[in-house]
Amino acid sequence: MSRTRLFGSLCALVFLVNFARVVFAPLVGEFIDAFGIREGTAGLIVTLAWLGSAAPRIPAGWALTRFTRRRVIVVSGAMLTAGALGVALAPSVLALMVAAFAIGLASGVYFVAANPFIAELFPGRVGRVMGVHGMASQLAAVIAAPAVTVALWYDWRYAFYGLAVAAAASTVVFVALAKRTDLPDAGAGDTDFLAAARGEWKLILAGVVLMGLTSFVWQGLFNFYELYMIDKGLPRATARNLLTVIFAAGVPAFLVSGDLADRLPHVPYLLGIVTAFVGGVGLVVVAEGLAAVIAASVVVGFAIHMLFPAGDTYLLASLPDESRASAYAMFSAGMMSAQAAGSWVVGEAIEAGATYDAVFLALAGGLAVLVAAYAVLYRLGRVPGGAAGAARAA
């Protein structure tokens with residue numbers, strides 16, 4: 001069986017995994033209405049999904065030193081099925097929070113196992129395949145808001161019933177294809193989780209700080225984007241569908257960024273992307289009128305989604321076979337933990353009386369300072385990671 005077909009099944013799984021996380025954003029307003037809660041609590045529900053995504057990454061990394069990538073991916077599919085059913089059946093806010101956390105757990109386990117697995121399936125073109133995999137994930141984000149719009153004609157819970165069925169079916173397909181594919185053994189020497197993490201701690205830390213803090217701002221922005229646009233005076237339906245604009249802009253961004261990540265020096269490329277994202281957030285804040293808001297949304301959506309394949313390539317292409325999965329799991333856990341609280345922090349700030357404009361300008365300013373600090377450290381040779389392809393050529 002071709003590895004490409006197996007990769008296709010992983011693209012189907014990542015579509016569902018990411019849909020499960022991002023579908024909470026266009027439902028924030030529904031949660032507020034359905035459960036009688038306020039913005040802080042609604043933001044916490046979203047945060048729990050992303051904290052759940054962070055929580056299992058270190059245990060999953062350890063599991064990869066004991067079990068095959070394939071087996072851990074299958075476990076993530078089963079967890080996603082169960083979590084989606086939990087959300088669909090949730091009778092209370094507490095039950096919804098638990099189920100959202102469970103969905104996050106599934107995504108965390110999936111990414112820790114699947115991303116190194118994909119890099120090992122296609123070691124000569126890590127950036128390209130991570131870009132395609134990311135594009136499949138991004139298509140789910142594009143579908144999320146329209147899917148919610150359709151589901152709301154009946155009941156928002158139908159979106160999660162459908163997710164549970166699709167997750168179960170996709171997991172079965174992956175198992176069937178994996179049994180018939182010649183799989184790589186590149187990670188066979190990765191058997192000491194702590195040693196791998198200690199050996200690569202500088203690279204892990206560099207990735208966590210840059211990727212984690214940028215994603216923190218992104219979490220706060222996109223999970224409250226609908227309410228922010230309503231605050232700007234746009235109709236609720238238009239505001240919700242602007243999420244689709246942001247996520248649609250990310251589809252080509254993954255492909256473009258994946259190819260560039262194979263060709264450009266990693267750190268300057270990442271800093272350029274974060275700088276573009278900061279500029280995009282500024283444009284969103286100052287934009288007035290529908291046309292300007294759409295244009296700003298395209299800019300911020302394209303910029304932020306270039307970050308993810310570039311960041312993954314930076315880590316995965318730089319890490320050796322004997323530590324790739326373990327070190328990536330440590331990076332992934334730290335990065336997700338750093339970003340997860342973004343929606344909660346923004347929600348609490350808004351509930352306390354701050355304006356959306358002030359909150360997002362402050363966050364963008366903080367990122368600008370971070371980029372400047374990294375640029376100085378890079379010039380001094382203190383940021384690990386070299387030119388693209390250097391690790392593979394060594």
Side-chain angles (χ1 to χ4, degrees), residues 10 14 53-73 76 107-127 129-130 133-134 183-215 258 261-262 265-267 269-270 307-340 374 377-378 382-394:
L10 288 168
V14 78
S53 191
R57 297 196 179 213
I58 290 177
W62 175 86
L64 289 171
T65 66
R66 300 293 185 270
F67 305 101
T68 64
R69 314 279 199 254
R70 178 182 64 188
R71 187 171 298 180
V72 177
I73 291 170
S76 73
S107 68
V109 172
Y110 173 83
F111 282 111
V112 164
N115 284 353
F117 185 52
I118 291 168
E120 292 160 2
L121 282 173
F122 305 97
R125 42 195 173 121
V126 176
V129 292
M130 292 309 300
H133 186 248
L183 300 178
D185 60 358
D190 188 2
T191 59
D192 192 334
F193 180 80
L194 292 178
R198 285 195 299 267
E200 304 293 344
W201 72 268
K202 291 182 180 179
L203 183 62
I204 293 168
L205 181 62
V208 166
V209 173
L210 184 60
M211 295 284 291
L213 293 182
T214 304
S215 298
D262 280 334
H266 292 141
V267 176
Y269 179 47
L270 284 169
L307 180 70
F308 304 126
D312 281 340
T313 304
Y314 169 50
L315 268 294
L316 292 169
S318 300
L319 290 167
D321 288 348
E322 62 271 16
S323 63
R324 181 176 293 109
S326 296
Y328 182 78
M330 186 65 74
F331 154 76
S332 188
M335 187 269 290
M336 288 301 303
S337 297
Q339 71 166 292
Y374 263 72
L377 290 172
Y378 181 74
R382 303 301 297 274
V383 181
R392 293 191 297 276

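Keep in mind that this is a model prediction, so the values were computed, not measured.
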inquiry  = Using side-chain heavy atoms (C-beta onward) and a distance below 4.5 Å, is F331 in contact with E200?
reply    = no
note = A329 and V112 have their tightest heavy-atom pair at CB-CG1, 3.6 Å
task = Please confirm whether the backbone N or O of W62 pairs with a side-chain atom of T65, one donor and one acceptor, at under 3.5 Å?
result = yes
message = Can you tell me how far apart CZ (R382) and NZ (K202) are? Round to the nearest 0.5 Å.
response = 7.0 Å
Heavy-atom closest pair, residues E120 and P123 = O-CD, 3.4 Å
Smallest separation among heavy atoms of A333 and I58, with atom names = CB-CG1, 3.6 Å
ask   = Do S318 and L203 pass the side-chain contact (heavy atoms from CB on, under 4.5 Å) test, and can you show the C-alpha distance, the side-chain angles, and the key distance before you say yes or no?
value = CA-CA 9 Å; S318 300; L203 183 62; 3.8 Å; yes
inquiry  = Pairing donors with acceptors under 3.5 angstrom, does anything connect the side chains of Y110 and N115?
reply    = no
message = I'd like to know if the side chain of R69 reaches the main chain of A113, judged simply by a donor and an acceptor atom lying under 3.5 Å from each other, with no hydrogens or angles considered.
response = no
query = Roughly how far, to the nearest 0.5 Å, is the CD1 atom of I204 from the OG atom of S326?
reply = 9.0 Å
inquiry  = Please determine whether side-chain contact (heavy atoms from CB on, under 4.5 Å) holds for the pair I73 and L10, giving the CA-CA distance in whole Å, both sets of side-chain angles, and the decisive distance to 0.1 Å.
reply    = CA-CA 9 Å; I73 291 170; L10 288 168; 3.9 Å; yes
query = Got F117 and V72 here, is their nearest side-chain heavy-atom distance under 4.5 Å?
reply = no
key: Gap between atom CD of Q339 and atom OG of S53 - 0.5 Å precision   = 7.5 Å
task = Compare every heavy atom of P384 with every heavy atom of V267, then report the nearest pair and how far apart it is.
result = CG2-O, 3.9 Å
inquiry  = Tell me whether Y374 contacts the main-chain N or O of A206 through its side chain, where contact means a donor paired with an acceptor under 3.5 Å.
reply    = yes
request  = On the 0 to 90° scale, with breaks at 30° and 60°, tag the F111-H133 ring pair as parallel, tilted or perpendicular.
outcome  = perpendicular
task = Please say which of V383, L210, T214 ends up in a side-chain contact (heavy atoms from CB on, under 4.5 Å) with L270.
result = L210
ask   = Looking only at heavy atoms, which two atoms of R57 and G108 are closest? And how far apart?
value = NE-CA, 3.5 Å
ask   = Do D262 and T313 have side chains that get closer than 4.5 Å, going by heavy atoms?
value = yes
task = Return the minimal non-hydrogen interatomic distance between S76 and V109, and the atom names on each side.
result = CB-CG1, 3.8 Å
